[in-house]
Each structure stands twice: as C-alpha cells, then as structure tokens.
*Asks:* 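Dropping the structure in here first, questions after.
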Amino acid sequence: MAIANYDNVAAAKLIHAFVPISRLNKGEAGKIIDEVKADGVRVIIKNNVPECVMISVEEYDRLTTVLTRPVKIIQTREEEERRKAFIQRIRQNIPAPIPPTRKLADVIQEVGAIDVDEEAVNGLRRLG
C-alpha cells in the first residue's frame with residue numbers, strides 16, 4: 001500500500017511540474033519561479049511538447065558540481081587485478097555459444113526464396 005501511495009504522490013508531482021508557455025505569456029513568470037523554489041522542477045510546454053526545464057539555482061549548482069567533479073581513470077595495480085578477476089568470474093558464468101548444427105546453405109534450400117520489400121530495406125538504410 002505504501003508503494004502505491006508513493007506512486008500516486010510522484011505522479012501528482014509530475015503532473016504539476018508541467019507548465020504551459022501561455023502562463024509565461026500572461027505574465028505569471030514570478031509565480032512560476034516561486035513554484036520552482038518551493039517544489040523544484042518545472043517543465044515548460046509549448047504546443048504540447050516539452051521545450052525547456054526551469055530549476056532552482058541551488059539545483060543547477062548541484063548538477064554542475066556533479067558533472068564537473070574529477071573522475072579517477074588511473075588505477076593502481078591492485079585495483080586493475082581486482083577488475084580483471086571480476087571480469088574473469090563473470091566470463092566463467094557465461095556459457096559458451098552453441099555452434100550451429102546446420103549450414104546456412106541447407107537452411108536457405110529448405111526455406112526457399114524470401115521476398116524482400118526493397119522499399120522497406122531502403123527506408124531502413126536511410127535511417128541508419
């Protein structure tokens with residue numbers, strides 16, 4: 001029951017986070033800023049599409065601090081050995097791939113010719 005209640009609260013907060021751009025156009029920017037300070041994020045919607053997000057200065061500072069903190073790339077030999085041992089343990093638990101039991105030519109002969117929709121194939125090529 002507690003999980004369902006949390007989901008309802010989260011859904012209600014999400015619904016209230018969306019703000020139509022018409023509110024900004026009507027001069028309600030001050031109210032929206034107060035809402036951001038009180039409740040957190042606001043998503044500005046234009047033509048039913050999210051256009052931008054308003055967050056507090058504190059939240060912006062927190063996010064930029066997290067994004068700009070240094071990342072440790074160089075590992076000690078001990079850390080590298082632990083990483084390699086971990087990967088080796090994972091690989092031991094993965095079964096080897098099953099080799100094919102039939103040749104591709106045999107499968108093609110059994111199935112026969114396959115009609116290919118060239119227009120669909122070209123469409124997929126354009127997407128890739």
Side-chain angles (χ1 to χ4, degrees):
M1 184 67 179
I3 293 173
N5 188 26
Y6 174 77
D7 290 340
N8 291 339
V9 170
K13 279 186 94 172
L14 182 64
I15 289 170
H16 292 296
F18 293 103
V19 176
I21 198 165
S22 60
R23 282 190 60 197
L24 289 171
N25 294 337
K26 293 178 183 176
E28 294 185 30
K31 288 182 183 179
I32 296 170
I33 291 171
D34 291 341
E35 292 170 7
V36 169
K37 288 180 181 177
D39 300 329
V41 176
R42 288 295 182 259
V43 180
I44 308 301
I45 303 294
K46 180 179 178 183
N47 297 327
N48 295 324
V49 177
E51 287 292 325
C52 66
V53 176
M54 292 179 71
I55 59 173
S56 67
V57 173
E58 293 82 12
E59 181 66 8
Y60 176 81
D61 287 341
R62 186 188 71 77
L63 290 172
T64 55
T65 301
V66 168
L67 289 174
T68 58
R69 73 174 177 229
V71 176
K72 180 181 175 187
I73 296 175
I74 299 173
Q75 296 180 329
T76 64
R77 283 189 178 171
E78 181 180 289
E79 291 171 331
E80 181 64 18
E81 291 301 320
R82 278 192 308 224
R83 185 187 70 79
K84 286 179 180 179
F86 176 73
I87 292 170
Q88 188 63 31
R89 283 195 313 270
I90 291 172
R91 288 184 176 154
Q92 289 173 353
N93 293 326
I94 298 174
I98 301 171
T101 56
R102 298 165 58 188
K103 293 182 179 178
L104 180 60
D106 295 339
V107 173
I108 292 173
Q109 186 177 7
E110 182 182 319
V111 173
I114 299 172
D115 292 333
V116 176
D117 183 356
E118 290 184 31
E119 188 174 321
V121 170
N122 291 332
L124 289 173
R125 286 183 179 146
R126 282 191 294 273
L127 290 175

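This one's a predicted model, so the numbers in the text were calculated from it and none came from an experiment.
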*Asks:* Does Val36 sit in a hydrophobic cluster with other residues, and if so which ones, taking ILVMFWY side chains as linked at heavy-atom separations under 4.5 Å, directly or through other members?
*Replies:* Val19, Ile21, Leu24, Ile32, Ile33, Ile44, Met54
*Asks:* Return all side-chain donor-acceptor pairs below 3.5 angstrom for residues 88-109, not counting sequence neighbours, or 'none' if the list is empty.
*Replies:*
unit_1 : atom_1 : unit_2 : atom_2 : d
Asn93  : ND2    : Arg89  : O      : 3.3
Arg102 : NH2    : Glu110 : OE1    : 2.4

*Asks:* Checking Arg77 against Glu80 for the salt bridge (charged side-chain N to carboxylate O under 4.0 Å, His left out) test, could you report, in this order, the C-alpha distance in whole Å, the side-chain angles of both residues, the deciding distance, and whether it holds?
*Replies:* CA-CA 5 Å; Arg77 283 189 178 171; Glu80 181 64 18; over 6 Å; no
*Asks:* Counting neighbours of CD on Glu118 that are heavy atoms of other residues, nucleotides or ligands and sit closer than 6.0 Å, is the number greater than 12?
*Replies:* no
*Asks:* Please indicate whether Asn47 has more than 12 foreign heavy atoms, meaning atoms of other residues, nucleotides or ligands, lying under 6.0 Å from its CG.
*Replies:* no
*Asks:* Please check this pair: side chain of Glu79 against backbone of Thr76, looking for a donor-acceptor N/O pair closer than 3.5 Å.
*Replies:* yes
*Asks:* Is the shortest distance from a Lys or Arg side-chain nitrogen in Arg62 or Glu59 to a carboxylate oxygen in the other one below 4.0 Å?
*Replies:* yes
*Asks:* Give the C-alpha distance, both sets of side-chain angles, the deciding distance and a yes or no for salt bridge (charged side-chain N to carboxylate O under 4.0 Å, His left out) between Arg82 and Glu78.
*Replies:* CA-CA 6 Å; Arg82 278 192 308 224; Glu78 181 180 289; 3.4 Å; yes
*Asks:* Under 4.5 Å side-chain heavy-atom separation, chaining through any Ile, Leu, Val, Met, Phe, Trp or Tyr, what else clusters with Val66? Say none if it is isolated.
*Replies:* none
*Asks:* Determine, stepwise, if the pair Arg23 / Arg42 fulfils side-chain contact (heavy atoms from CB on, under 4.5 Å).
*Replies:* CA-CA 12 Å; Arg23 282 190 60 197; Arg42 288 295 182 259; 5.7 Å; no
